[in-house]
Amino acid sequence: AQKVTQAQTEISVVEKEDVTLDCVYETRDTTYYLFWYKQPPSGELVFLIRRNSFDEQNEISGRYSWNFQKSTSSFNFTITASQVVDSAVYFCALSDFGAGNMLTFGGGTRLMVKP
Amino acid sequence: EAGVAQSPRYKIIEKRQSVAFWCNPISGHATLYWYQQILGQGPKLLIQFQNNGVVDDSQLPKDRFSAERLKGVDSTLKIQPAKLEDSAVYLCASSLDLAGNEQYFGPGTRLTVT
């Protein structure tokens, strides 16, 4: 069975601070995909990134970076120099190759960036 | 490119009434998903379609929930009769296919059952 754990339910930072959101996953499959989604106050889930299990290269996109470590089953997300507009709930999700692209979401981390 | 469309955005009903939600996926996306998101939790998959066939409905409470995607494009999710615990946001998503592609979500329908 798949499981995604986001241990941090809520994080509060001051603007311009760096912040890391943790994600730990469990799966029996060797082929799987990991995702991060952002859910701003408007409610719509916004896709941020997808990684497959064979690609452990870290990725950077502007102020966002992702660290994928299969050895610890973690896929952490770092926002550098946070901004108020980054305030949202962030979800980590997992889909097994054999599960027909069905996503299992973590419980989410609410990030509050204060000016 | 237009995103996933959903309607209505909000619905308030009394328990034991019925309600229906509509979703129009991104053009060309073969796979469509319905999720239930209870306040403070992550979305939970209810049902998944590939074209007009059901891929997975193992978490759909079939005694009261039903869904269809008759022509392989639009989809409707129905609840009959509604219970208080059905209060949630119902999210529709679509993806190109089943091969691990990212899912794109609509704005959701917020259902309140009183």
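Worth knowing before you read on, the calculation uses all heavy atoms, side chains too, and leaves out hydrogens, waters and symmetry mates.
Side-chain contact between Leu103(A) and Tyr33(B) is absent, with no heavy-atom pair separated by less than 4.5 Å.
Follow the hydrophobic side-chain contacts under 4.5 Å out from Val4(A) and you never reach Leu45(B); the two are in separate clusters. Residues Phe77(A) and Phe47(A) do not share a hydrophobic cluster, defined by chaining ILVMFWY side chains whose heavy atoms lie under 4.5 Å apart. Linking ILVMFWY residues whenever their side-chain heavy atoms come closer than 4.5 Å, directly or via other members, leaves Ile79(A) and Val89(A) in distinct clusters. The same ILVMFWY cluster, assembled from side-chain heavy atoms under 4.5 Å apart, contains both Ile13(B) and Leu46(B).
At a 4.5 Å heavy-atom cutoff, Thr9(A) makes no contact with chain B through either its backbone or its side chain. In this structure, the portions of Glu102(B) lying under 4.5 Å from any heavy atom of chain A include both its backbone and its side chain. Only the side chain of Gln39(A) comes within contact range of chain B, judged by heavy atoms closer than 4.5 Å.
The 12-atom threshold is exceeded at NZ of Lys38(A), counting heavy atoms of other residues, nucleotides or ligands nearer than 6.0 Å. The number of heavy-atom neighbours closer than 6.0 Å to NZ of Lys78(B), taken from other residues, nucleotides and ligands shown, is 12 or below. For CZ of Arg110(B), the number of neighbouring non-hydrogen atoms (other residues, nucleotides, ligands) closer than 6.0 Å is 12 at most.
Nearest approach of Met102(A) to Asp56(B), heavy atoms of both residues: SD-OD2, 3.8 Å. Residues Glu44(A) and Phe105(B) approach most closely at OE2-O, 3.3 Å, considering heavy atoms. Considering every non-hydrogen atom in both Gly42(B) and Phe91(A), the closest pair reads CA-CE2, 3.3 Å.
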* side-chain contact (heavy atoms from CB on, under 4.5 Å) between Leu45(A) and Leu91(B): does it pass, once the steps are laid out? -> CA-CA 9 Å; Leu45(A) 279 158; Leu91(B) 296 163; 3.7 Å; yes
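Side-chain atoms of Tyr37(A) come within 3.5 Å of backbone N or O of Gln103(B) as a donor-acceptor pair.
Heavy-atom pairs under 4.5 Å with chain A were tallied for Gly106(B), Ser95(B), Gly108(B), Ala93(B); the largest tally goes to Gly106(B).
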